[in-house]
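Presented below is the structure to which this report refers.
What you see is a predicted model, and the numbers here were worked out from it, not measured in a lab. When reading the values below, keep in mind they use all heavy atoms of this one structure, side chains included, and skip hydrogens, waters and symmetry mates.
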Amino acid sequence: MRRGTTPTNVFTVDVDLRNAVSLYVTYKQNGRTIIEKKLEDVEVLEESVSVELTQADTLKFKNGEVQMQIRARLPDGTVLASDIMTASVSAILKDGAI
């Protein structure tokens, strides 16, 4: 992922989360939560969760690794958490939004 861009992160899930009553996708760098998207901010399909990031979102990242995780609560009270995933964040030459 590059800073200052508008990527869509698509996460494949093995549990149908369409009926989740609560869902968070957390992006963390250097031990700090940088971005947290809620259920209303993402698209949940039977086998995936899609997160659209804005330029403002990706400009919050530093160059290096970012960790990502999905957590969800189902109607029956079951709480699930994905494995922690990592992605590289790359630099841009001209900083800021365009």
Side-chain angles (χ1 to χ4, degrees):
M1 158 173 16
R2 292 198 190 280
R3 295 182 68 251
T5 63
T6 58
T8 300
N9 297 143
V10 180
F11 303 99
T12 301
V13 294
D14 56 3
V15 175
D16 187 349
L17 299 175
R18 290 178 294 176
N19 292 323
V21 294
S22 181
L23 185 141
Y24 295 92
V25 180
T26 303
Y27 293 80
K28 198 169 189 174
Q29 251 187 345
N30 302 318
R32 285 185 39 235
T33 298
I34 306 299
I35 299 168
E36 189 160 78
K37 298 291 186 175
K38 299 178 184 176
L39 180 60
E40 58 268 17
D41 302 323
V42 304
E43 179 181 17
V44 180
L45 301 175
E46 184 176 355
E47 297 180 349
S48 67
V49 174
S50 297
V51 182
E52 293 183 13
L53 298 178
T54 66
Q55 284 187 56
D57 287 335
T58 60
L59 285 169
K60 293 177 185 176
F61 294 135
K62 305 280 188 225
N63 297 341
E65 296 292 314
V66 62
Q67 295 179 307
M68 302 161 288
Q69 186 176 45
I70 300 169
R71 293 188 68 220
R73 183 167 47 90
L74 303 178
D76 67 0
T78 302
V79 176
L80 306 168
S82 71
D83 290 336
I84 295 172
M85 301 159 274
T86 59
S88 295
V89 177
S90 301
I92 52 175
L93 295 178
K94 179 176 176 19
D95 204 23
I98 59 172

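Between L45 and S50, every side-chain heavy-atom pair lies at or beyond the 4.5 Å cut-off. The shortest distance between side-chain heavy atoms of L59 and I92 falls below 4.5 Å. Side-chain atoms of K62 and V89, non-hydrogen and from C-beta on, never get closer than 4.5 Å to each other. Taking the side chain as every heavy atom from C-beta outward, M1 and L53 approach each other to under 4.5 Å.
The environment of D76 atom CG is dense: over 12 non-hydrogen atoms of other residues, nucleotides or ligands sit within 6.0 angstrom. More than 12 heavy atoms of other residues, nucleotides or ligands shown are found within 6.0 angstrom of CZ on R18.
To the nearest 0.5 Å, the span separating CD on Q29 from CG on N63 amounts to 8.5 Å. To the nearest 0.5 Å, atoms CG (N30) and CD (Q67) are separated by 9.5 Å. One distance of note links CG of D83 with CD1 of I70; it measures 10.5 Å at 0.5 Å rounding.
Legend: side chain to side chain donor-acceptor pair (under 3.5 Å) pairs involving residues 85-95, not counting sequence neighbours, sorted by first then second residue: R3-D95, E65-S88.
For the side chain to side chain contact (heavy atoms under 4.5 Å, CB included) with K37, the lone residue among T26, L23, D57 that qualifies is D57.
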Original post:
Given N9 and Y27, is the side-chain hydrogen bond (donor to acceptor under 3.5 Å, both in side chains) satisfied, shown in steps?
Top reply: CA-CA 11 Å; N9 297 143; Y27 293 80; 2.7 Å; yes

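Listed for the E46 side chain is no donor-acceptor partner under 3.5 Å among the backbone atoms of D16.
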